[in-house]
Amino acid sequence: MLRTARGERSTVDVAAAGLSAETLRKIETGRAPTPAFFTVAALAGALGLSLDEVATPAAPPGAATESAVA
C-alpha cells in the first residue's frame with residue numbers, strides 16, 4: 001500500500017515526513033512489520049492518506065471498523 005501511495009516519489013522525498021529512507025524501505029519490504037503508530041501517522045500524512053485508509057487493509061478479516069459500526 002505504501003509503495004502504491006508513494007507513486008513516483010522517492011523514499012527520500014517521503015522520508016522527509018520525519019523518518020529515514022531506510023526505515024521507509026524496511027516498512028515497505030516487511031522487514032519492519034510493526035512500525036510505531038506515530039511512524040504510520042507521519043507516513044499517512046506525508047502520502048495524503050487518512051489513518052482509516054491505512055488501517056483498513058491491516059485489519060484482520062471480519063474485523064468491524066468504527067465507521068462500519070456507527
Side-chain angles (χ1 to χ4, degrees):
M1 171 191 225
L2 289 175
R3 273 185 240 158
T4 301
R6 185 165 51 87
E8 298 295 317
R9 292 177 278 188
S10 74
T11 54
V12 174
D13 291 338
V14 175
L19 60 141
S20 71
E22 180 60 23
T23 298
L24 178 57
R25 281 188 212 97
K26 286 179 181 179
I27 294 168
E28 286 185 349
T29 60
R31 291 184 295 150
T34 54
F37 172 79
F38 293 106
T39 300
V40 173
L43 284 172
L47 295 170
L49 300 170
S50 71
L51 289 177
D52 286 338
E53 289 174 294
V54 175
T56 300
T65 62
E66 189 170 322
S67 61
V69 174

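- For E22, the side-chain hydrogen bond (donor to acceptor under 3.5 Å, both in side chains) partners are R25, R31, not counting sequence neighbours.
- Closest non-hydrogen pair, I27 versus P35, comes out as CD1-CB, 3.8 Å.
- The minimum heavy-atom distance between A44 and L51, with the atom names listed, is CB-CD2, 4.0 Å.
- For the pair L43/R6, no side-chain contact is recorded, criterion being any heavy-atom separation below 4.5 Å from C-beta on.
- Distance check: L24 CG to R9 CZ gives 10.5 Å after rounding to the nearest 0.5 Å.
- Rounding to the nearest 0.5 Å places CG of L49 at 10.0 Å from OG1 of T4.
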